[in-house]
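Below, chain A is the first sequence line, B the second, and so on; all start at residue 1. On a predicted model such as this, the values are computed, not experimentally measured, just so you know.
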There are 4 protein chains.
Amino acid sequence: MSNTFGQTFRVTTFGESHGPAMGAVIDGCPAGLPLSPEDIRRELARDVPEPEIGTTRREPNEPEVLSGVYEGRTLGTPILILIRNVDVNSGDYLDRKNRPRPGHADLTWRLKYGHVDPRGGGRASGRECIARLAAGAVAKKLLALRDITVRSSVTELAGLPAGRPAELALAREEVKRIAGEGDSTGGTVTVTAEGVPAGLGRPVFGKLGARLGQALLSIGGVKALEFGAGRAHARMRGTESNDPIIREGREVRPSTNRAGGMLGGISTGLPLVVRLSVKPTPSIRAEQETVDFESGESARVSTTGRFDLNIAPRVAVVAEAMTAIVLADALLEDGFLPPVRVEGEGA
Amino acid sequence: MSNTFGQTFRVTTFGESHGPAMGAVIDGCPAGLPLSPEDIRRELARDVPEPEIGTTRREPNEPEVLSGVYEGRTLGTPILILIRNVDVNSGDYLDRKNRPRPGHADLTWRLKYGHVDPRGGGRASGRECIARLAAGAVAKKLLALRDITVRSSVTELAGLPAGRPAELALAREEVKRIAGEGDSTGGTVTVTAEGVPAGLGRPVFGKLGARLGQALLSIGGVKALEFGAGRAHARMRGTESNDPIIREGREVRPSTNRAGGMLGGISTGLPLVVRLSVKPTPSIRAEQETVDFESGESARVSTTGRFDLNIAPRVAVVAEAMTAIVLADALLEDGFLPPVRVEGEGA
Amino acid sequence: MSNTFGQTFRVTTFGESHGPAMGAVIDGCPAGLPLSPEDIRRELARDVPEPEIGTTRREPNEPEVLSGVYEGRTLGTPILILIRNVDVNSGDYLDRKNRPRPGHADLTWRLKYGHVDPRGGGRASGRECIARLAAGAVAKKLLALRDITVRSSVTELAGLPAGRPAELALAREEVKRIAGEGDSTGGTVTVTAEGVPAGLGRPVFGKLGARLGQALLSIGGVKALEFGAGRAHARMRGTESNDPIIREGREVRPSTNRAGGMLGGISTGLPLVVRLSVKPTPSIRAEQETVDFESGESARVSTTGRFDLNIAPRVAVVAEAMTAIVLADALLEDGFLPPVRVEGEGA
Amino acid sequence: MSNTFGQTFRVTTFGESHGPAMGAVIDGCPAGLPLSPEDIRRELARDVPEPEIGTTRREPNEPEVLSGVYEGRTLGTPILILIRNVDVNSGDYLDRKNRPRPGHADLTWRLKYGHVDPRGGGRASGRECIARLAAGAVAKKLLALRDITVRSSVTELAGLPAGRPAELALAREEVKRIAGEGDSTGGTVTVTAEGVPAGLGRPVFGKLGARLGQALLSIGGVKALEFGAGRAHARMRGTESNDPIIREGREVRPSTNRAGGMLGGISTGLPLVVRLSVKPTPSIRAEQETVDFESGESARVSTTGRFDLNIAPRVAVVAEAMTAIVLADALLEDGFLPPVRVEGEGA
């Protein structure tokens, strides 16, 4: 199950960072949904690395839709989206094949599988996420049928606020400055989903928060997750933490949103708000202490390949896609969308 | 799937807070595991509410093992553990049936299912967790075969440190003081698993952290989750965040544990460390703003039934059980334990 | 997953034949469905062994509904139905503990688990099916919302036709006559589902026939399964096998039903028709050749406990329940029934 | 779940008959398994249509392995196998777009999805099975590690025995003779798995027979399935049906195999034997009665495209692949193969 996510809208991803291709199969998408290559291309394009602070690997990310769509609409059959790896340059990796990078999955993959993909990263690479973006593009088309929008942003970068353009510019300078010292930085990502109807999610293990938890903590580099006011709840009083309930027109809903849009794992009708803490890129140019698996001796390793100086901007985009996938899955499961075929305007 | 957790060691829970019984069916436990009622009773006993700050509901929590065990050993068939609800007093709840409590699942359950269980809480009650403790008891017996131990503690309570006995005593006083004002408090829980072998967990969606995320964020009241240094990673540099890799005897492993025992979703061999932020009990005696579903008008609600003044101590125990369940599931899935029958000492 | 069936309407069964209790947890049943103990009792009562040819074990089969139902309606939470084993008499089994009966699961359970449940049969007993009847009772209540009925009958017994009352009387005599010789007999069971809407089922692995196949071949003693004209199709020509398509009022459907109600795994709107071949009860009084696991020597075994002379009548009832469960699952999955709550008359 | 099969060795297939490509993603295959394009090519080549009686569509069936394999060994990551559709000629189908063929899924797909894939067949096409062969090729490599072999053959064709070469030649003539009359024929397929260790399979819903049932009844055109002596069991006596148990060297096993290699859903160590009844190809040149969906009137339809005169030979090959997949899944689940990586000779 390791590479499949979802119960009803089921996404299976595949592909190694330096293999021939990445991609996703989406099973459970109803028939009749408009879906064009452009819909997918637009989402994939958001993974273009940030200028200066992202990796210098450049992928065209041209999606091939090889099944499940005919004349611009889904057939109700599995949708295969394939994205070729073009800008592959494994040479950088081969020389450090036996020296796992601290903070990276190199070590644990070797301990588990008896190998690392010597071409670099394998499935434990930021590149893996391109498949999630492809599936997220399909999920977003479903969400659009219910006027639900998901957005993400980097709200803190390298310890500096990054929510506004001017702040972001300063923070980017800080990322570059620290990278100039051979080091890396982390950040904070906020994801918001608006238009989510009240009543979405299932009790106990199917709570919306639990499913978002699995989805978002499966993204590499995410070390913490908070809903709504998050960690601050632990120091609040009940009267500060509880959102009062009011009537607004025909709807009964909380008047504030410290809960982050969920109560008991079920949506309240207010926006879902999730915040993620992203660790610094483990790949850095500074030398770090490691062990050489060939010699068995202590060694030093320095990353010379291409990598992001800060992965928070890429995590933001993937977190948005995963949130869309969780919502599409829950909407179908809970009957907010028809399971077999969608019809009418927009569909 | 809402009430089932796990792929290989599968736990399905059932029961409403004020219905006749709670319980769990565990499917996928190998044959031959020693399991006595006392093993289960001991774990259930840990849910005894904290003196003074816990609910005054008193349940004997006597487990009935009605299938899957014969002469003190598991049969490899589903294990049903049933726990009767004895101290049920629904009267308190009936009068507020139409007035959802702010911060509680009352509102969302009504919006979703068109009803709330008027007896109080239903599945969205702390009482639901007793079934998880029962399943956790079985999981812990499996973990013991690999010398893995899971522990939890309340490390902060009502905004005060609570890690040491003297601190805890002060913090409890603070909980009571604020409860005396009709209000409630939250806290922080830390779960640690020691002895976890390196190489546990699967890539991508099957990451150990993703599964722990789903498991722990499915516990009522948990608003944030952090692994290892958690949120602090976002402001670290790579050289501060990365754990150096060293050789220790025949093992290669990180020398520090800022990662919290996982890299790329796979265990490193160091302890797993997870921290949870628990919100204040939403049930408080102070009056709060709500809407009366019968009249459709704004109303006030005050909780008069029995409830915990602070739920962090109970969350800690359940988080420990869920962590044990995640580990048992992963150990079986990854071949660290035999899937059909266990043998030898301890087994 | 071994003890769970279904994707959306999920049934998990538990219990050993001579343990304290049998039962089922049903997860995924929408809220608002009327369900009384009498609804369940009525289905369980159908497992009363045939006079003279069934086992002499007599179970009251009184169901306890311990969760998921309140004031006669489902809550949308897991439904636990418990049935105590009362007429347990394990003594008969203990003396043949080490001598597996030919044709019975005794042998394979021992080879797999290193034990047999010495109390008799464990999960590989006809008794296991009582839990399926309980779940089938809930499924049938859902089917009633769509006016779908499932029926089963024994159409051949001991090699004689048994479809009509007079035939059945003769066939029963034959069963008894052969049992008098210490031997046993088999039979044929036909299950029919009427009112199934066209369009139910999913392509490829989710075909209605594939799901019925798993469900019905999971019943002990079933050695063959046929849909519609079944095996006879292999010797037909296309013009004989294909059902012509006609228009009837507003519906387009086949005019004959050699296909048994499905094309490409999706229902046509005509009745589903499945036929099962049931082997003779492996337990017989005549001595059979076996091996004694204690001595390791060849041995003889004769069954002296209580058992059915012919299990076809009990298989029929269980096959009906399993068909109802498959249909309830598919109806929910395909949107023919609402996933969260049902409303209105009958619901 | 409709396009995914298996719990541990999980196969997801995709592709429409006249779309750009077919294929499969295999998740859960351990690392270290030798797997070459030739291994897959060899299995795909077995789908080459029978001369004269198969379809005239000619596909090169060249597999592209786009993930999960590096330098001839599996990585433990998802294996994507892609097979392009080359000889696509949809024109034949477009003119009968609104006239569903009797006996074909045309009708039910239209009723369910509101469309048929006008290019012909979509997922309800024999072409769909090429993806299963690709996955079966991987499964067979795993089976080889345990010296398990799966074989299939057409044992009856057009009502004539076909087990021996001379018989097969005659039967083929009969198929062609009847095709000359514009009609089609069916047949019988037998699948045998040798070397299956005793103790494979799980009780109740995870019975080996139940899983084979789902797997084999998911193949288009299969209308009946029998294990071992199959339907004949219904008319046997217990003494005729039961296989005596003997000791052979260190193994205790049945001396005959009327059970078809399973007791209580668990393998006995004898060969698994399954027989399938395959209906005549629904596509025939003779005119058949149908309804035109555009006009709503009765109409006639005659199949003029390319199709198999008899599908039994192709069903045999797919049934073999599905049996291999079921066994690979069960072997991994039950610990007969290591879940994470295989090592040593052959692996």
Response to the item:
Per-residue tally against chain C (heavy atom, under 4.5 Å) across Arg253(D), Gln214(D), Arg237(D) peaks at Arg237(D)
Worksheet item: If you tally heavy-atom pairs under 4.5 Å against chain C, which of Thr290(D), Asp183(D), Leu111(D) wins?
Response: Asp183(D)
Discussion item. If I measure from the heavy atoms of chain D, does Leu160(C) come under 4.5 Å with its side chain, its backbone, both, or neither?
Written reply: neither
Practice prompt. Kindly write out the residues that satisfy ring-ring contact (aromatic ring centres under 6.0 Å, His included) with Phe336(D), not counting sequence neighbours, or none if the list is empty.
Written response: none
Discussion item. Looking at every non-hydrogen atom in both residues, tell me the closest pair between Asn242(C) and Arg258(C) and how far apart they are.
Written reply: O-NH2, 2.6 Å
Discussion item. If I measure from the heavy atoms of chain D, does Ile284(C) come under 4.5 Å with its side chain, its backbone, both, or neither?
Written reply: side chain
Worksheet item: So which of Gly186(C), Gly199(C), Gly201(C), Pro102(C) has the largest heavy-atom pair count under 4.5 angstrom toward chain D?
Response: Pro102(C)
Practice prompt. Determine, stepwise, if the pair Thr12(C) / Thr4(C) fulfils side-chain hydrogen bond (donor to acceptor under 3.5 Å, both in side chains).
Written response: CA-CA 4 Å; Thr12(C) 301; Thr4(C) 297; 2.8 Å; yes
Worksheet item: Should Arg247(C) and Glu297(D) count as an ion pair when the cut-off is N to O under 4.0 Å?
Response: no
Worksheet item: Do you know which of Ile219(C), Ile178(C), Val274(C), Leu208(C) has the most heavy-atom pairs with chain D at a distance under 4.5 angstrom?
Response: Ile178(C)
Fill in: Test item: side-chain donor near acceptor, Arg123(C) and Ser17(C), under 3.5 Å
no
Discussion item. Can you tell me which portion of Lys207(C) sits under 4.5 Å from chain D's heavy atoms? Options are side chain, backbone, both or neither.
Written reply: side chain
Worksheet item: Where does Met322(C) contact chain D at under 4.5 Å (heavy atoms): side chain, backbone, both or neither?
Response: side chain
Worksheet item: Once you round to the nearest 0.5 Å, how far does CD1 of Ile325(C) lie from CZ of Arg10(C)?
Response: 13.0 Å
Worksheet item: Measuring heavy-atom distances to chain D, does Leu200(C) have an atom under 4.5 Å in its side chain, in its backbone, in both, or in neither?
Response: backbone
Discussion item. I need the residue from Glu128(D), Glu240(D), Glu156(D) with the largest number of non-hydrogen atom pairs under 4.5 Å to chain C.
Written reply: Glu156(D)
Discussion item. Heavy-atom pairs under 4.5 Å with chain D - which of Gly221(C), Ala299(C), Gly296(C) has more of them than the others?
Written reply: Gly296(C)
Worksheet item: In terms of side-chain heavy atoms, does Arg101(C) have a donor or acceptor partner in Ser283(C) at a distance below 3.5 Å?
Response: yes
Worksheet item: Between Gly228(C), Pro282(C), Ala198(C), which has the largest tally of heavy atom pairs under 4.5 Å with chain D?
Response: Pro282(C)
Worksheet item: Between Gly182(D), Pro197(D), Ser184(D), which residue shows the highest count of heavy-atom pairs closer than 4.5 Å to chain C?
Response: Ser184(D)
Worksheet entry | Val278(C), part contacting chain D, at a heavy-atom distance under 4.5 Å | backbone
Discussion item. For Asp243(C), which atoms come within 4.5 Å of any heavy atom of chain D: side chain, backbone, both, or neither?
Written reply: backbone
Worksheet entry | Heavy atoms of other groups near Glu287(D) CD, more than 12 under 6.0 Å | yes
Worksheet item: Listed by chain and number, what are the salt bridge (charged side-chain N to carboxylate O under 4.0 Å, His left out) partners of Asp334(D), not counting sequence neighbours?
Response: Lys112(C), Arg202(D)
Discussion item. Looking only at the side chains, is there a donor atom on one of Thr155(D) and Thr190(D) sitting less than 3.5 Å from an acceptor on the other?
Written reply: yes
Worksheet item: Relative to chain D, which segment of Ser255(C) carries a heavy atom at a distance below 4.5 Å: side chain, backbone, both, or neither?
Response: neither
Item to complete: Please flag which part of Ser298(C) lies under 4.5 Å from any non-hydrogen atom of chain D: side chain, backbone, both or neither.
Response: neither
Item to complete: Might you work through the side-chain hydrogen bond (donor to acceptor under 3.5 Å, both in side chains) test for Ser277(C) and His233(D), ending with a clear yes or no?
Response: CA-CA 7 Å; Ser277(C) 300; His233(D) 277 285; over 6 Å; no
Fill in: Top contributor to chain C interface from Gly264(D), Gly213(D), Gly230(D), Gly159(D) [non-hydrogen pairs under 4.5 Å]
Gly230(D)
Worksheet item: Under a 4.5 Å heavy-atom cutoff, which of Ser241(C), Pro203(C), Gly209(C), Pro244(C) has the most pairs with chain D?
Response: Pro203(C)
Item to complete: Answer yes or no: are there more than 12 heavy-atom neighbours, outside Glu181(D) itself, under 6.0 Å from its atom CD?
Response: yes
Worksheet item: Quick one: of Val11(C), Thr185(C), Leu157(C), Ile246(C), who has the most non-hydrogen atom pairs under 4.5 Å with chain D?
Response: Ile246(C)
